[in-house]
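What follows is a short report on a single structure.
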Amino acid sequence: MGVESDVWSEVREKVRESIGRDSYVTWIEPLTFLGVETGTARFGVPTTFFGNWVNRNYREVILKGMRNAGKPVDRLSFDLVRPAQPRRGQPGQSPTSDPESLPDQDRLGAPLNPRYRFEQFVVGKPNELAYAAARRVAESPDAQFNPLFLYGGSGLGKTHLMHAIAWMRREREPDKQVIYLSAEQFMYRFVRALRFRDTIGFKQLFRSVDVLMVDDVQFIGGKESTQEEFFHTFNALVDQGKQIVISGDRSPGEMESLEERIRSRLQSGLMVDLHPTTYELRLGILQSKLDSYQAEHGPIDIAPGVLEFLAHRITTNVRELEGALNRLTALFTLVGRRINLEMATENLADILRSCDRKVTIDEIIRKVAEHYNLRTNDLLSARRTRSLARPRQIGMYLAKQLTPKSLPEIARRFNKKDHTTVIYAVNRIDELRQTDSQLADDIELLRRMLEG
Ligand code: ADP
Ligand code: MG
């Protein structure tokens with residue numbers, strides 16, 4: 001069993017990389033791995049519905065992960081087990097307290113990250129407006145900007161700002177219900193309520209909150225009944241003057257899968273975007289992270305110019321930047337290596353490389369369309385004729401190979417509701433490349449053009 005659970009941690013890691021953190025936390029983390037028997041991987045799940053959902057949406061990634069980990073199986077099976085203790089947002093709570101007696105915000109919402117507070121947020125030109133708006137919403141209970149819609153690319157601080165609002169609101173008005181959750185969790189709760197015929201309870205719960213924050217709302221797109229419910233919850237709250245905060249990866253106007261009335265309702269409040277970081281902001285963030293690390297763990301021996309180097313080279317997003325700094329501080333703390341330019345270059349080779357190679361999905365779409373003489377609109381349409389479907393799959397395949405984007409991100413850019421479409425495309429093209437030399441050549445050519 002020890003060996004098998006190692007296998008599962010390895011597989012889980014891979015699954016997380018390919019489906020993204022939010023889906024992972026909602027659907028994969030709660031699984032209890034029970035072992036492998038005659039070609040079947042068995043898992044414990046809290047509800048039958050949960051198992052069905054995982055089987056329908058994540059079977060392929062899990063099977064692939066098992067195969068790569070040297071434990072090939074061809075099916076998954078699910079057994080009902082008692083749900084694990086929910087994770088706690090606040091430290092110091094008794095782990096044995098009954099979930100039913102927790103306040104709604106802990107039962108309904110996701111835990112807040114203790115590091116995501118306003119004090120830890122470094123403000124610069126690209127995010128000053130978003131910061132100011134978040135701050136205002138956190139400080140004034142009069143719902144002046146309602147809904148507040150924060151949007152921008154991945155890793156630019158949306159979740160951080162939302163948690164910061166929640167922390168501050170909870171401190172200032174401890175008796176109010178402040179609920180933060182991802183759009184996926186919202187969906188999951190709703191679908192579960194449907195399943196247990198408890199939509200009334202669901203509605204009452206959500207409509208009794210004072211502040212509702214839903215993160216990554218782009219994931220709600222497409223599921224009509226959930227959109228409907230989201231819309232009603234949303235309207236009921238806004239009408240009662242309750243504060244809503246929403247985040248998304250792009251503006252409501254650009255979310256094709258959102259219903260028109262939801263879109264316009266979202267646009268009726270304040271929309272602010274987080275812009276890509278500048279060199280100054282990146283340097284400021286690194287400096288502040290290093291300061292707080294040193295305040296906590298003691299001084300770090302770091303040569304001048306290293307932070308500037310990182311701020312200069314790691315331009316994708318703040319998450320990458322943090323990852324790089326964490327790796328360097330870990331090397332210092334664990335093996336006592338002085339941090340200088342040489343060791344940074346050596347140890348961050350992978351991160352630096354992925355930042356150098358800046359192929360974007362948009363470029364891929366453009367080049368693929370050009371190569372096959374198609375219009376990008378057709379390539380991104382829902383039409384399934386072969387002359388469109390194949391180039392579209394090639395586009396998704398290249399996006400997976402050449403960019404660090406997650407499957408859901410790629411799916412979204414290709415107007416697909418479901419990231420399993422991308423998985424399918426990647427597998428299909430991988431297969432065809434073995435037998436179809438024309439296709440293999442096309443892909444090589446495209447790859448060279450994009451990377452060159
Ligand atoms: P998003 O939700 O937009 O994808 P996150 O809020 O998760 O991004 O941010 C990614 C990481 O970068 C987090 O660890 C966050 O604390 C950090 N981060 C982002 N922007 C800032 C900032 N301006 N100051 C300090 N840390 C930041
Ligand atoms: Mg986020």
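Side chains included, hydrogens not; waters and symmetry mates left out as well; all remaining heavy atoms used. Remember, it's 1-based here, ligands and their atoms both numbered in the order they're listed.
In terms of polar-atom proximity, V122 is counted as a contact of ligand 1, with an N or O under 3.5 Å from an N or O of the ligand. When only interatomic distances are considered, the shortest N/O to N/O separation between N127 and ligand 1 falls below 3.5 Å. In terms of polar-atom proximity, R21 is not counted as a contact of ligand 1, lacking any N or O under 3.5 Å from an N or O of the ligand. Among the atoms of V318, none of the N or O lies under 3.5 angstrom from an N or O of ligand 1. Geometrically, ligand 1 and G157 share a nitrogen or oxygen pair separated by less than 3.5 Å.
Of the protein's heavy atoms, R319 NH2, 3.1 Å lies nearest to atom 7 (O) of ligand 1. Nearest protein neighbour of atom 4 (O) of ligand 1, counting heavy atoms only, is G155 N, 2.7 Å. Scanning the protein for heavy atoms near atom 13 (C) of ligand 1, the closest one is Y116 OH, 3.4 Å. Atom 16 (O) of ligand 1 has H160 ND1, 2.7 Å as its closest protein atom, hydrogens excluded (heavy atom only). In terms of protein heavy-atom proximity, atom 21 (C) of ligand 1 is closest to F121 CE1, 3.7 Å. Counting protein heavy atoms only, atom 14 (O) of ligand 1 is closest to E322 OE1, 2.7 Å.
In the model, R319 has a side-chain atom that pairs as donor or acceptor with a side-chain atom of S154 under 3.5 Å. No side-chain donor-acceptor contact under 3.5 Å links S264 and Q267. No hydrogens or angles considered: nothing links the side chains of Q401 and R447 as a donor-acceptor pair under 3.5 Å. For Y293 and T333, the side-chain atoms include at least one donor-acceptor pair closer than 3.5 Å. D249 and Y151 share no donor-acceptor pair across their side chains, judged by distance under 3.5 Å alone. Side chains of N347 and R327: no donor on one and acceptor on the other come within 3.5 Å. Of the N and O atoms on the side chains of S182 and D215, not one donor lies less than 3.5 Å from an acceptor on the other residue.
Side chains of M213 and V211 form a contact here, defined as non-hydrogen atoms less than 4.5 Å apart. The side-chain heavy atoms of W8 and F43, taken from C-beta on, include a pair separated by under 4.5 Å.
Atoms of ligand 1 found under 4.0 Å from any heavy atom of Q120, numbered from 1 in the order shown, are 24 (N), 25 (C). Residue K289 approaches ligand 1 through these ligand atoms, each under 4.0 Å from one of its heavy atoms: 16 (O), 25 (C), 26 (N). Here is the list of ligand 1 atoms found below 4.0 Å of a heavy atom in S154: 4 (O).
Of the residues listed (T360, V422, I410), the one engaging K405 in a side-chain contact (heavy atoms from CB on, under 4.5 Å) is I410, and it is the only one.
Residue contacts with ligand 1 for D216 are absent, since no atom lies close enough (heavy atoms, distance under 4.0 Å). Counting heavy atoms closer than 4.0 Å to ligand 1, residue T159 contributes atoms from both its backbone and its side chain.
For the Mg ion (ligand 2), the N/O/S atoms of T159 include one lying under 2.8 Å.
In this structure, OG1 on T329 lies 5.5 Å from CG on L325, to the nearest 0.5 angstrom.
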